[in-house]
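Worksheet: one structure, shown below.
Given the structure is predicted, the values throughout are model-derived calculations rather than measurements. The analysis underlying the following values was restricted to heavy atoms, covering all of them including side chains, and did not include hydrogens, waters or symmetry mates.
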Amino acid sequence: MHGVNANSQRVTPPGTRSVLGRLAVPAGILAAVAGAFVYVGAVDPNEPGHYPACPLLRLTGIYCPGCGGLRSAHAVAHGDFAAALQDNALAVLGYGLFAVVWTVWVVRAVRGRPFRVDLGPVQLWAAGALLLVFTVVRNLSFGDWLHP
């Protein structure tokens, strides 16, 4: 029989799940991200001993693209966006990008439309180039405004 499985239970065709069912995964992702921000907001990364130091910075003195990311998240959790940009501007860009992508995901889920992020080679190379340029500039003397 079509629409019934071996246990005589109705099988829901793909794409017809309830709105709450379609929102379960985006809600879970948001809960995990919010939980991480709550934790970093409560446990100050500016105080030594709470988080491990960046191994690249410790061994070489070079700021990696993630250096200052926890301090940036702490500042965002406390509403201090100027400090967040100072600690890691690229991380703040990432938080904004996450918010936009998550919102599009939720809107598509509510409408019953699939959501996929298909990044091609051009987008991946551009993201890699952005990380590389950010890393190089923040480690040069004229990029000291990007130091955490």
Under 3.5 Å donor-acceptor, His78 side chain and Gly41 backbone: yes

If hydrophobic clusters are built by linking Ile, Leu, Val, Met, Phe, Trp and Tyr wherever their side-chain heavy atoms come under 4.5 Å apart, do Val101 and Val104 end up in the same one? yes

Going by the rule side-chain hydrogen bond (donor to acceptor under 3.5 Å, both in side chains), which residues pair with Asp80 if we only count those two or more places apart in sequence or in a different chain? none

For Val106, the side-chain contact (heavy atoms from CB on, under 4.5 Å) test, sequence neighbours excluded, returns Leu23, Pro26, Trp102, Val110

Taking C-beta and beyond as the side chain, do Val33 and Tyr95 meet within less than 4.5 Å on heavy atoms? no

Going only through I, L, V, M, F, W and Y residues with side-chain contacts under 4.5 Å, is there a path from Leu131 to Leu85? no

Would a single hydrophobic cluster contain both Val122 and Leu97, if residues Ile, Leu, Val, Met, Phe, Trp and Tyr are joined by side-chain heavy-atom contacts under 4.5 Å? no

Nearest-0.5 Å distance that lies between atom CZ in Phe98 and atom CG in Leu30: 6.0 Å

Any donor and acceptor pair, going by atom type alone, linking the side chain of Ser72 with main-chain N or O of Gly68 inside 3.5 Å? no

Quick one: which residue pairs count as a salt bridge (charged side-chain N to carboxylate O under 4.0 Å, His left out) with a foot in residues 98-124, not counting sequence neighbours? Arg116-Asp118

Common cluster, Val25/Val107, ILVMFWY with side-chain heavy-atom separation under 4.5 Å: no

With sequence neighbours excluded, give me every ring-ring contact (aromatic ring centres under 6.0 Å, His included) pair touching residues 107-136. Trp105-Phe115

Applying side-chain hydrogen bond (donor to acceptor under 3.5 Å, both in side chains) to His50 and not counting sequence neighbours gives Glu47

Is any side-chain heavy atom of Phe81 less than 4.5 Å from a side-chain heavy atom of Val76? yes

Could you state the interatomic distance from SG (Cys67) to CG (Leu57), rounded to the nearest 0.5 Å? 4.5 Å

Just so I know, are the side chains of Asn88 and Arg71 near enough to count as touching, which here means a heavy-atom distance under 4.5 Å? no

Min side-chain heavy-atom separation Leu90-Thr135 under 4.5 Å: no

Which heavy-atom pair separates Pro45 from Val40 by the least distance, and what is that distance? CD-O, 3.9 Å

I'd like a table of donor-acceptor pairs (distance under 3.5 Å, sequence neighbours excluded) in which one partner is a side-chain atom from residues 140-148, with atom names and distances.
| residue | atom | partner | partner atom | Å |
| --- | --- | --- | --- | --- |
| Trp145 | NE1 | Phe142 | O | 3.3 |
| His147 | NE2 | Arg138 | O | 2.7 |

When clusters are formed by joining ILVMFWY residues with side-chain heavy atoms under 4.5 Å apart, either directly or through shared neighbours, do Val136 and Ile62 land in the same one? no

